[in-house]
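Notes follow once the structure below has been shown.
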Amino acid sequence: MFLVANLGTKMSCKPFKAQCPSDGRFQFNTNVVFNDNGTLIATYFKQNLYFEFGFDTPPEVQHVVFDTPFASKFATFTCFDILFFEPAVSLIKKYNVKHVVYPTAWMNQLPLLSAIQIQRGFASAFNINFIAANIHHTTLGMTGSGIFSPSYSSYHYDMTNENGTLILAKLPVNPSEDVIVGSKDQIWPENSEVIYSSILTKHQVCETEETEEPCGRDVATDQVPHHAFYSEMMYDNFTFVPLLQNEGMLDVCAGTLCCFLKYKKTILSDELYALGVFDGLHTVHGTYSLQICALVKCGGLEPSTCGHEVTNADSVINLQLWGNFSTKHIFPLLLTSGVTVQLPDFSGWKGNKFYMNANDMSSSLLSAALYGRYYERD
């Protein structure tokens, strides 16, 4: 058994040299790793701090990888690091890491960034095993730990009490052999290339982030598509179109990103759902660039409630969601009633578009999203 723990550490330094604080010591948010005989074999200092005024950013980015006798290389990083290229993405690519151990103190933010959503999405995006331990502190909105492989999820999410849970699971030593594979007929919408081409001839794709109107407007009349509206979600200004029928196809665009949805409601309710798009710089509680296609249940029946936090739903919806993303780093997120994560039948690239397919949903939908991180634009 190897153990990864998180704590605060301090390190002496010479004041006024090499970014050394004036009090002569660094204070780091630290992961420590002990092997099976209790030897300290690795330490990691958190790079991307989140309102952690008692800690310092390390002078250099650390890539921490350690070997085990049972599954070769593991990596470790912490909490907010998961949203940035350094060190999380960089070390996985550089060292071909297949397993990540991840301590976190994550405040859940629905509808797109609960702890178990991003943990599940990260494992799917990189085809790795992801082992996450979150602080369980419901008054701060902190819950959600889990063990995830590309095709398996075992997790604990509970906002009703302060009791923790020990999670045990068997994982594949080589998670790349554990990827979900679906048939092409199940994955791709019928005539998807034709549908995509016809939509782009009908709608303009905006070239700048300063554009104030939705990109999905009719070029001939320069009008916003019927029923389109704006609403704030996760502190970002999304362009939405509502789902007004029990089944159909929708598209909505912003910036250079167009999102497409083919859907069918199999269990009906009077709930409002909307397809939203965001392509730009997120600037609240962190600064990072995003490209997002998201189908969400709204908080009520008014468009202004789309993007609100919702934990329960009644509508069951089969769907195919896709977009013409510029970034290659897409996290597929599928969340159902009661804040439960689901695995889509398929997620991946076809040509220059990224798809997520959920053909046989049995639980009521809270959100289905393709959460793209555009690291190069940060």
Side-chain angles (χ1 to χ4, degrees), residues 68 70-77 82 88-89 92-93 95-102 104 112-134 144-157 165-189 293-295 316-322 325 328-350 353-373:
T68 69
F70 45 84
S72 189
K73 291 180 292 191
F74 280 71
T76 187
F77 49 84
I82 199 172
V89 178
I92 287 172
K93 292 186 174 184
Y95 298 99
N96 194 29
V97 170
K98 300 299 183 183
H99 319 282
V100 170
V101 184
Y102 172 77
T104 183
L112 302 182
L113 280 182
S114 68
I116 54 176
Q117 274 177 294
I118 192 63
Q119 294 162 15
R120 171 67 272 165
F122 199 90
S124 296
F126 294 102
N127 291 326
I128 62 172
N129 293 327
F130 197 81
I131 305 170
N134 193 10
S145 302
I147 300 175
F148 305 92
S149 77
S151 68
Y152 174 83
S153 304
S154 179
Y155 60 90
H156 177 249
Y157 180 100
T165 296
L166 177 66
I167 304 171
L168 301 174
K170 288 186 177 181
L171 294 176
V173 171
N174 185 359
S176 61
E177 298 176 353
D178 190 46
V179 180
I180 298 174
V181 178
S183 72
K184 183 175 181 179
D185 289 340
Q186 292 177 314
I187 297 165
W188 314 121
C293 294
L295 169 62
V316 177
I317 305 175
N318 292 334
L319 62 99
Q320 294 162 321
L321 177 66
W322 71 104
F325 292 87
K328 295 299 182 185
H329 297 98
I330 315 296
F331 303 99
L333 312 176
L334 188 58
L335 196 68
T336 53
S337 188
V339 191
T340 55
V341 292
Q342 305 292 335
L343 279 163
D345 300 322
F346 175 85
S347 61
W349 291 94
K350 181 175 185 279
K353 296 176 284 296
F354 193 96
Y355 288 77
M356 179 168 68
N357 187 70
N359 271 334
D360 193 23
M361 293 290 288
S362 59
S363 300
S364 303
L365 184 70
L366 289 181
S367 63
L370 300 175
Y371 191 93
R373 273 290 283 116

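Just so you know, residue 1 is the first one in the sequence shown, and it goes up from there.
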Test side chain to side chain contact (heavy atoms under 4.5 Å, CB included) applied to I116 and H156, step by step:
CA-CA 8 Å; I116 54 176; H156 177 249; over 6 Å; no
One pair to check against side chain to side chain contact (heavy atoms under 4.5 Å, CB included): S364 and T336. What are the steps and the verdict?
CA-CA 5 Å; S364 303; T336 53; 5.9 Å; no
Evaluation steps, side chain to side chain contact (heavy atoms under 4.5 Å, CB included), between S124 and F331:
CA-CA 7 Å; S124 296; F331 303 99; over 6 Å; no
Going through the checks in order, is the side chain to side chain contact (heavy atoms under 4.5 Å, CB included) test met by S72 and K98?
CA-CA 9 Å; S72 189; K98 300 299 183 183; over 6 Å; no
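Closest approach of L334 to A358, counting heavy atoms only: CD2-CB, 4.1 Å. Closest heavy-atom contact between L321 and C293: CD2-O, 3.8 Å. Considering all non-hydrogen atoms of both residues, F130 and I82 come closest at CZ-CD1, 3.7 Å. Residue Q119 comes nearest to G146 through the heavy atom pair OE1-N, 3.7 Å, listed as atom of the first residue, atom of the second, then distance. Heavy atoms only, all atoms of each residue included: A75 and V97 are closest at CB-CG1, 3.7 Å. Here the closest heavy-atom approach between residue R120 and residue S149 is recorded as NH2-O, 2.5 Å.
A donor-acceptor distance shorter than 3.5 angstrom exists from the side chain of T76 to the backbone of V101, with no hydrogens or angles considered. Not one N or O on the side chain of Y157 forms a donor-acceptor pair closer than 3.5 Å with the backbone of V341. Side-chain N or O atoms of N129 include one that pairs as donor or acceptor with a backbone N or O of P172 at under 3.5 Å. Looking at N134, its side chain never comes within 3.5 Å of a backbone N or O of S145 through a donor-acceptor pair.
Considering only heavy atoms from C-beta on, S153 stays 4.5 Å or farther from Q342 through its side chain. Residues S363 and S337 are not in side-chain contact: their nearest non-hydrogen atoms beyond the backbone lie 4.5 Å or more apart. Two residues are said to be in side-chain contact when any heavy atoms from C-beta on lie closer than 4.5 Å; F325 and W349 meet this criterion.
For the atom pair M361 CE and D345 CG, the distance stands at 9.0 Å (nearest 0.5 Å). Here CG of N357 is found 7.5 Å from CG of L319. Values are rounded to the nearest 0.5 Å. One distance of note links CD of Q117 with OH of Y155; it measures 10.5 Å at 0.5 Å rounding. Taken from CG in L335 to OG in S367, the straight-line distance is 4.5 Å, to the nearest 0.5 Å. Here the straight-line distance linking atom CG of L171 with atom CD1 of I128 works out to 11.0 Å at 0.5 Å rounding. To the nearest 0.5 Å, atoms CG (L112) and CD1 (I118) are separated by 9.5 Å.
Under the 6.0 Å cut-off for aromatic ring centres, F346 and Y355 do not qualify, their centroids lying 6.0 Å or more apart.
Using cut-offs of 30° and 60° for the angle between ring planes, the F126 and H329 rings count as tilted. Aromatic ring pairs are classed by plane angle as parallel below 30°, tilted from 30° to 60° and perpendicular above 60°; the pair F77 and Y102 is perpendicular.
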